Amino acid sequence: MAYGERGRRTPVVDLADRRALERYRPADPATVAEARRLKEAALLDFGLTESAVASWLYAKCHHQIPTTAVDTAAVVASGDGSCLLLFNPDFFVGLGLDGVKFVLFHEARHLVQRHLFADPELREDPVFELAAEVSINHVALVRLGRPGLPLLDGRPTGIDPRKIHGLYRDDLTAHGLEPVPYEEFVATDMKVYGELKRMAHPPVPERSLCVHLLDGGVPADQETVDAVVSSALLNSLLAARRGHAGAERELLDLMGRTEDGSARAARIWGNLGAGVLRGETARTRAVHWWQRWLVDVLGSKLRDGERLVYPKKRGALLAALGQDPMLSRRGPVRDKVLVIAYDTSGSMPQHVITWLTELVGRIDGVEAHWLSFDAVVMPFTPGERVYGGGGTSFQAVADYVEGRTEVNGRRFDITPDAVVMLTDGYAPPIAPAEPDKWIWLITEGGSEWPETHTPAMDCHRVTTGSR
Ligand SMILES: [Zn+2]
């Protein structure tokens, strides 16, 4: 997905190949530094106020690469299930902070649209493409409080929704039809599309508006888009439920704009349990938010690392450019190691253990290690009875998992990819060597210190029922 009308040429390097991107015609270092600063400032503003969804989406783009291989900015799938954000440093510096925010917001909405409206007939219709540009830019103008499109070299860049509405009004009037006013025209994504379809000559540009829509231009497979966007929506929803008013308003608005006229979009919102924001209770079954949260966090920590990928489609192109169409080196694939440590000093509901056991059993390529702990660590097999003693020490778990202590004469000699701690949280806080890998599930009435600790760690309360 890439912003604006500049990005029309065929990419010169494999856009999913990080190293090739970094090598390709680097921009001057001062420009790169300034572009990075603008990007960071924009994402910070999103996170604090303007768009929880965009903030979460870019948090999922683990690599954010300044490169002149794209003309504007684009989010691409890297082939290992994660996304890269590519941005042209000169483009960002030319736009300034307000422009960068507009473009990044625009890109995030494209991904959300790709997720919600995946119907092939829609995606192939150039009028739908235009409708997406209109709708996305309308929302961006309102949400970011802008009077007009971002300027590049003094000229507005992108599709102006009011201008398109003007053309629509003239077209319909000329053909004896009744146009709807602007506010109605842009009310929902499908409404824009439906109204543009009423035109005798929808103002569809001869060429694609964004590179992402060119055939094979920017790699972004539906599976990756779905995974990344649904994770961003889930996290925004969790933030909204925990009192982030901005996230709540954004999601309510996004839902309202997208759930009409598309069965898929309505189903996605339903499955997400987003109705809770409107005070609707889940009709069929209780929504266990902590379970959804854990699945999402585990998914990101246990994802395959970089895999061996042959860039088939772009092989010929790379060869023509005198580069080896080599295998992108991705390292040996091994099972992911998951540690689940269960605090026996508190009362852990049995259904939590049962659910976790089933969940872990369903994840492919994972080697699970179950530990129980109080003041000391004891490995156990799910189903086996565990006995608690006195005192609790998280440090005992860290010491064992990090290979410093032995249990039953054996040392834990593998590095885990994720450590799940099931506990009430009541014991002296710890600072593990790799805090990013630790996930804390806190029982009801427990302490959520890992969330506010330094370094902060992923933390969620285990609840029963839909809270
Ligand atoms: Zn676009």
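Predicted model only: the values in this text are computed from it and were never measured. Just follow the structure's listing: the first ligand is 1, and inside any ligand the first atom is 1.
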N/O/S atom name from E133 that is nearest to the position of the Zn ion (ligand 1): OE2

Steps toward side-chain contact (heavy atoms from CB on, under 4.5 Å) verdict (L252, E248): CA-CA 6 Å; L252 282 169; E248 175 166 339; 3.9 Å; yes

Which atom of H110 approaches the Zn ion (ligand 1) most closely (N/O/S): NE2

Atom name in H106, limited to N/O/S, at shortest distance from the Zn ion (ligand 1): NE2

F87 vs L104 side-chain heavy atoms within contact, under 4.5 Å: no

Presence of N, O or S from E107 under 2.8 Å of the Zn ion (ligand 1): no

F185 and Y182 aromatic ring geometry - parallel, tilted or perpendicular at 30°/60° bounds: tilted

Whether H453 and W449 hold their rings parallel, tilted or perpendicular, with breakpoints at 30° and 60°: perpendicular

